[in-house]
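Only one structure is covered here, and it is reproduced in the block below.
Remember, it's a predicted structure, so these values are computed and weren't measured experimentally. Residue numbers start at 1 and run along the sequence shown.
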Amino acid sequence: QSGELVRRLGVFDNVINALAWLPDGGHLVVGLQGYSGLRVLRLKDGSVAASDTQCQDDLMDMDVSRRGRIVTAALDGYIRIYDRNFKLIGRRAVPGGKKPVSVRFSPGGEEIAIGFLDVPAIAVASAQDLNLKYQVNTKNLSGQTGFTTVVWSSDGTALYGSGEHRGP
C-alpha cells in the first residue's frame, strides 16, 4: 500500500519481455529476450521452480489459463505449451506467419489465439495439441502489417486483434 519496494526477484541473463502470475498466487512466470527463454519463480524465496532455455529467439508473450497451463510465443517461430507442473507438453510452428508475437487462451482454455509480427494474420489453435483449428479472415484489411496483440472477449464469443497499420 505504501509503494515501498519490498523485494527484488532474480538476476536474469537478458531483458524481461513478459510477466504472468500463476493462479496459485505463489509463482511468477518470466519471459526473456534472446536465447534465455522462460523462468518460473517461487515468490516465497525467489528461487527458480522451472526453466526452459530452448527458445532460439526472444520470448515475446505468454498467457496462463485458469487451470495453470502456460502458453508462450517466441520469435523463433514456435508456440510452446506447459502443464500446471511447468513441464513442456508441446511445441509447434503454427501456420499463419513465421514470427508469433502474441498468445491468449480462450476463456474456457480450449483454444489459443495467436497474433503474428511478420504478417497480418491471426491463427486459432487447439490448447490440447497446438494443431491449427482455423485462421481469422484478415484478407480485406488493407495496410495491416501484423497483429501484436490478440485478446478474447470475456465470454469467448469474440476475438480481437491489434497491431501495426500503415496507410489510410
Side-chain angles (χ1 to χ4, degrees), residues 12-22 29-40 50-83 86-168:
F12 300 102
D13 52 347
N14 219 314
V15 175
I16 296 172
N17 267 353
L19 296 169
W21 288 103
L22 286 172
V29 188
V30 180
L32 301 164
Q33 286 187 4
Y35 296 83
S36 300
L38 175 86
R39 304 287 185 284
V40 180
S51 67
D52 183 353
T53 58
Q54 299 301 308
C55 290
Q56 298 299 303
D57 206 334
D58 297 351
L59 192 153
M60 297 300 293
D61 194 24
M62 69 179 82
D63 193 25
V64 178
S65 76
R66 292 179 185 159
R67 296 184 321 183
R69 296 175 80 200
I70 303 165
V71 64
T72 65
L75 293 181
D76 64 0
Y78 291 101
I79 302 301
R80 292 167 175 85
I81 192 162
Y82 304 82
D83 68 16
F86 322 126
K87 180 182 176 211
L88 178 67
I89 56 175
R91 179 186 87 144
R92 185 171 297 234
V94 175
K98 294 188 185 318
K99 301 230 177 250
V101 69
S102 180
V103 286
R104 286 295 173 273
F105 280 104
S106 62
E110 300 88 19
E111 296 178 321
I112 299 167
I114 304 148
F116 295 91
L117 182 64
D118 57 323
V119 293
I122 298 173
V124 176
S126 164
Q128 296 305 311
D129 55 16
L130 298 178
N131 283 330
L132 180 68
K133 291 184 86 173
Y134 61 90
Q135 292 204 9
V136 175
N137 182 353
T138 60
K139 303 244 185 289
N140 293 327
L141 297 178
S142 176
Q144 192 73 35
T145 62
F147 286 97
T148 54
T149 302
V150 291
V151 64
W152 296 90
S153 61
S154 59
D155 63 4
T157 61
L159 175 59
Y160 298 88
S162 69
E164 190 170 341
H165 184 272
R166 294 185 185 148

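Taken to the nearest 0.5 Å, the CZ atom of R80 stands 10.5 Å off from the CG atom of L130. Interatomic distance, CG of L59 versus CE of M62, reported as 5.5 Å (0.5 Å rounding). The CZ atom of F147 sits 9.0 Å away from atom NE2 of H165, with the distance rounded to the nearest 0.5 Å. Here the CG-CD1 distance, from N137 to I122, works out to 11.0 Å after rounding to the nearest 0.5 Å. Atom CZ of F116 is separated from atom OG1 of T138 by 10.5 Å, given to the nearest 0.5 angstrom. The distance from the CG atom of D118 to the CG atom of L75 is 9.0 Å, given to the nearest 0.5 Å.
When side chains are defined from C-beta on, Y82 counts as touching L38, because their heavy atoms get closer than 4.5 Å. Counting only heavy atoms from C-beta outward, the side chains of I16 and R39 never approach each other to under 4.5 Å. By the 4.5 Å heavy-atom criterion applied to side chains, V30 and L19 are counted as neighbours. In this structure, the side chains of P95 and L132 come closer than 4.5 Å at one or more pairs of heavy atoms. Side-chain contact check for N131 versus R92: some heavy-atom pair is nearer than 4.5 Å.
When every heavy atom of A113 is checked against every heavy atom of V150, the shortest pair comes out as O-CG2, 3.6 Å. What you find for E110 and S106 is that their closest heavy atoms are N-OG, 3.3 Å. Scanning both residues, S36 and T53, for their nearest heavy atoms gives O-CG2, 3.8 Å. The shortest heavy-atom contact between G90 and L88 is O-CD1, 3.3 Å. The two residues P100 and G77 have their closest heavy-atom pair at CD-CA, 3.6 Å.
The pair R104-D61 meets the salt-bridge criterion, since a charged nitrogen lies less than 4.0 angstrom from a carboxylate oxygen.
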Which atom pairs, donor and acceptor, lie under 3.5 Å between side-chain atoms of residues 66-73 and protein residues at least two apart or in another chain?
unit_1: R66; atom_1: NH1; unit_2: P107; atom_2: O; d: 3.2
unit_1: R69; atom_1: NH1; unit_2: A127; atom_2: O; d: 3.1
unit_1: R69; atom_1: NH2; unit_2: A127; atom_2: O; d: 3.0

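Heavy-atom neighbours of Y160 OH from other residues, nucleotides or ligands within 6.0 Å: at or below the threshold of 12. The number of heavy-atom neighbours closer than 6.0 Å to CZ of F105, taken from other residues, nucleotides and ligands shown, is above 12.
Among the candidates D57, V119, D76, the single residue satisfying the side-chain contact (heavy atoms from CB on, under 4.5 Å) test with K99 is D57.
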D63 vs W152, side-chain contact (heavy atoms from CB on, under 4.5 Å): CA-CA, chis, key distance, verdict: CA-CA 12 Å; D63 193 25; W152 296 90; over 6 Å; no
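Without hydrogens or angle criteria, E111 side chain to G156 main chain gives no donor-acceptor distance under 3.5 Å. With hydrogens and angles disregarded, no donor-acceptor distance shorter than 3.5 Å links the side chain of D58 to the backbone of M60.
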